[in-house]
Structures are given as structure tokens and as C-alpha cells.
**Q** 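Here it is, the structure, as C-alpha cells.
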Amino acid sequence: MTRVSFIVPAYNEAATIAEVLERVAALDFDKQIVVVDDGSTDGTPRVLEDWAGRDGVRLVRQENRGKGAAIRAAIPLLDGDITVIQDADMEYDPADVPALIEPIQRGSADVVFGSRLSGGRPQRAYLFWHLVGNRFLSLLTNVLYNTTLSDMETGYKAFRTDVLRTLDLREDDFGIEPEITAKVCKRDLRVYELPISYYGRSYAEGKKITWRDGFKAIFVLVRVRLLD
Ligand SMILES: Nc1nc2c(ncn2[C@@H]2O[C@H](COP(=O)(O)OP(=O)(O)OP(=O)(O)O)[C@@H](O)[C@H]2O)c(=O)[nH]1
Ligand SMILES: [Mg+2]
């Protein structure tokens, strides 16, 4: 049976982290859950106390350095065959994970992206300029790397763990998403995508990514293409 590792980056997610972890824990796989809380200032650490010491759960605490640093801190601890990045904000539904990892389990894919922009249901209908930005960044990815991804910025990415380990990730902040996409596409890996649901939240509800991260994504996509 495949063992699945979940990386859960969590920064000030007290409202949703417990539900996310319960839904992940309820999935019917052999699994490991690595939660990285770097300096949350809300009730997140208190919620996580209940999860410390549970079977297959690892908690990492460190100084706040961003989503990328959180993901990178988790990588050396992974012991599953497949790794899924699971945001802590309930935008991405763990019920989509079995479908997400299936192409890896059957031996067809090395990496699978869950796409919010290819007909998954339901989708929150909001944030027009984010949609424009995500479509543009995906188009740029496809031009630079000769791929056909519809949502390179998606938070739901699944990997063969040995492949994830070799990506040599360096970004600390949200630059990790274009860095992962670029490095995966640059190498001769089998990348698949499939539609997922997306229960998007607003900035008032705690969303943290901004237009600055969008500009940085352009820079990272081009840099990896030309230099790395
Ligand atoms: N540990 C840690 N997690 C973070 C940090 N910044 C963001 N995250 C987590 O990364 C995930 C994505 O952050 P969001 O604010 O939801 O970003 P978003 O704008 O919704 O973008 P996506 O969900 O990635 O499309 C959430 O689980 C956050 O808690 C950070 O500095 N440290
Ligand atoms: Mg989010």
C-alpha cells in the first residue's frame, strides 16, 4: 500500500486548521502529516497541541519565513512514497486527494497539479484580477516550458516524494509555487493535472497572497528557465 505524506503549511489558520487535519486524517490511506507552523500569533499553536503526539503527525515550529520555507522545512522529514501539499485554510478539499494521487499510484505521473481552472466543481466565483493573473502566469509557464498547465499557482500539488526531494527548492515565500512549477517542468518529469474544487476565501477571511507575489512569480519562472 502506498504511504502518503501531507505537508501542511499553517500560518494563523486557527479557524480552519483543525477541520483540515480532521479531513486529512479521515482519508483512507497509510499516511504521515507534517504540519509547519512558523510563529502563528493566533490560536493555531493551541489547536495543534491536540494533534502533537498523534500517530503519524509531526509538528514543526520555527521562526516565520513564509510558505516556501515551511514546505522546505518539511521535506527532510517525509517518509511517504507520495507527498501532497495541503494548505491549512480549507480552500482545497482533502476529498480531492485520492483522485490527485491516482496518476502517481498507477505509475503514469511523477507530479500532479490540481487545477482550479479546468472545470472542477464547485469554484468560488470571485477575485477577477486573480483569475487574470493566474491565467497569465499559466500561459507564461506554457510558453517558457512547452507545457499545457491551466493553473501553475495551484496550492494542490502532489509528487513522488523522491522527485520532490531532488527539486532543490530555495524560495522562502509564495515564490515557492512558481519555483516548484518551473523546476518540475524544466526537468524531464511526467506532469499531469486534473480538476479540483476550490472554496476560495477572501482577504478578510485570511488570504495572504498579493499582487506582489504575482510579479515575483514572473521573475522566478523566467529565472529558472534561463539560469537554474
Ligand atoms: N507555515 C507557514 N505557512 C504559510 C505562510 N504563509 C502562508 N502559509 C500557508 O500557506 C497556505 C496558502 O496561503 P494562503 O494565504 O491561503 O494563500 P492563497 O492566497 O490562498 O494562495 P493559495 O491558497 O496558495 O492559492 C495556507 O495554508 C497558509 O497558512 C507562512 O509564512 N508560514
Ligand atoms: Mg489559500
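In each ligand, atom 1 is the first atom listed, and ligand 1 is the first ligand listed.
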**Q** I'd like the name of whichever of I7, I17, V8, D38 reaches closest to atom 1 (N) of ligand 1 through any heavy atom.
**A**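 Shortest heavy-atom distance from atom 1 (N) of ligand 1: D38.
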**Q** Identify which one of D151, I196, L149 satisfies the side chain to side chain contact (heavy atoms under 4.5 Å, CB included) criterion when paired with F113.
**A**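 Exactly one option meets the side chain to side chain contact (heavy atoms under 4.5 Å, CB included) with F113, and it is L149.
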**Q** Which heavy atom of the protein is the closest neighbour of atom 19 (O) of ligand 1, given with residue, atom name and distance?
**A**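 Among all protein heavy atoms, the one nearest atom 19 (O) of ligand 1 is I209 CG2, 2.7 Å.
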**Q** For D89, is at least one N or O under 3.5 Å away from an N or O on ligand 1?
**A**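 D89 vs ligand 1: N/O contact under 3.5 Å present.
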**Q** Decide yes or no for R3 and Q32: does some side-chain heavy atom of the first lie under 4.5 Å from some side-chain heavy atom of the second?
**A**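 Yes, side chains in contact.
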**Q** So for ligand 1, is A70 a polar contact partner (N or O within less than 3.5 Å, distance only)?
**A** no
**Q** Have a look at ligand 1 and work out which part of A10, if any, has a heavy atom under 4.0 Å from it: side chain, backbone, both or neither.
**A** backbone
**Q** Among protein heavy atoms, which lies nearest atom 10 (O) of ligand 1, and at what distance?
**A** K67 CD, 3.4 Å
**Q** Do Y145 and V222 belong to the same hydrophobic cluster, where Ile, Leu, Val, Met, Phe, Trp and Tyr are linked whenever their side-chain heavy atoms lie under 4.5 Å apart, directly or via other members?
**A** yes
**Q** For the pair Y92 and Y198, name the ring-plane relationship: parallel under 30°, tilted 30 to 60°, perpendicular over 60°.
**A**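 It falls in the tilted class, 30° to 60°.
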**Q** Report, in ascending order of atom number, the atoms of ligand 1 lying under 4.0 Å from any heavy atom of V36.
**A**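 Counting atoms of ligand 1 from 1, those under 4.0 Å from V36 are 1 (N).
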**Q** Short list, please: which atoms of ligand 1 are under 4.0 Å from a heavy atom of R116?
**A** 25 (O)
**Q** Under 4.0 Å from ligand 1, counting heavy atoms only, is it the side chain of N64, its backbone, both or neither?
**A**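 For N64, only side-chain atoms sit under 4.0 Å from ligand 1.
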**Q** Would E153 and R116 pass as an ion pair if we require N to O under 4.0 Å?
**A** no
**Q** Answer with side chain, backbone, both or neither: which part of Q86 has a heavy atom less than 4.0 angstrom from an atom of ligand 1?
**A** neither
**Q** Return the closest protein heavy atom for atom 9 (C) of ligand 1 as residue, atom name and distance.
**A**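 Atom 9 (C) of ligand 1 sits closest to the protein heavy atom P9 O, 3.5 Å.
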**Q** For the pair K216 and E179, find out whether any cationic side-chain nitrogen is under 4.0 Å from an anionic carboxylate oxygen.
**A** no
**Q** Determine whether the side chain, the backbone, both or neither of K208 has a heavy atom under 4.0 Å from any heavy atom of ligand 1.
**A**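 Near ligand 1, K208 shows its backbone as well as its side chain.
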**Q** Does the distance from a Lys or Arg side-chain N to an Asp or Glu carboxylate O, for R72 and E171, drop under 4.0 Å?
**A**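 Between E171 and R72 there is no salt bridge, as every charged N stays at least 4.0 Å from the carboxylate O atoms.
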**Q** Can you sort out which atoms of ligand 1 are near E13, meaning under 4.0 Å from one of its heavy atoms?
**A** 26 (C), 27 (O), 28 (C), 29 (O)
**Q** Hey, are R54 and E49 close enough for a salt bridge, meaning a charged N less than 4.0 Å from a carboxylate O?
**A** no
**Q** Looking only at non-hydrogen atoms, which of E63, R61, E177, E91 approaches atom 20 (O) of ligand 1 most closely?
**A**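 Among E63, R61, E177, E91, the closest heavy atom to atom 20 (O) of ligand 1 belongs to E91.
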**Q** Testing the 3.5 Å rule here: is there a donor-acceptor pair between the side chains of T161 and T83?
**A** yes
**Q** What atoms in ligand 1 come closer than 4.0 Å to a heavy atom of G66?
**A**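 Those of ligand 1 that fall under 4.0 Å from G66 are 5 (C), 30 (C), 31 (O), 32 (N).
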**Q** Please report whether ligand 1 has a polar contact with G155, defined as an N or O pair separated by less than 3.5 Å (distance criterion only).
**A** no
**Q** With respect to atom 14 (P) of ligand 1, which of R201, R65, E205 exhibits the smallest heavy-atom separation?
**A** R201
**Q** State whether R23 and D93 are salt-bridged, where the test is any N-O pair (Lys NZ or Arg NE/NH1/NH2 against Asp/Glu carboxylate O) under 4.0 Å.
**A**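 Yes, R23 and D93 are salt-bridged.
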**Q** Could you name the option among Y156, F174, Y92 that has the heavy atom nearest to atom 7 (C) of ligand 1?
**A**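 Among Y156, F174, Y92, the closest heavy atom to atom 7 (C) of ligand 1 belongs to F174.
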**Q** Exactly one of S118, S115, P103 should register a side chain to side chain contact (heavy atoms under 4.5 Å, CB included) with L194. Which one does?
**A** P103
**Q** Any N/O/S atom of D87 sitting less than 2.8 Å from the Mg ion (ligand 2), backbone or side chain?
**A** no
**Q** Considering only NZ, NE, NH1 and NH2 on the basic side and carboxylate oxygens on the acidic side, decide whether D89 and R201 come within less than 4.0 Å.
**A**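 A salt bridge is present here (some side-chain N lies under 4.0 Å from a carboxylate O).
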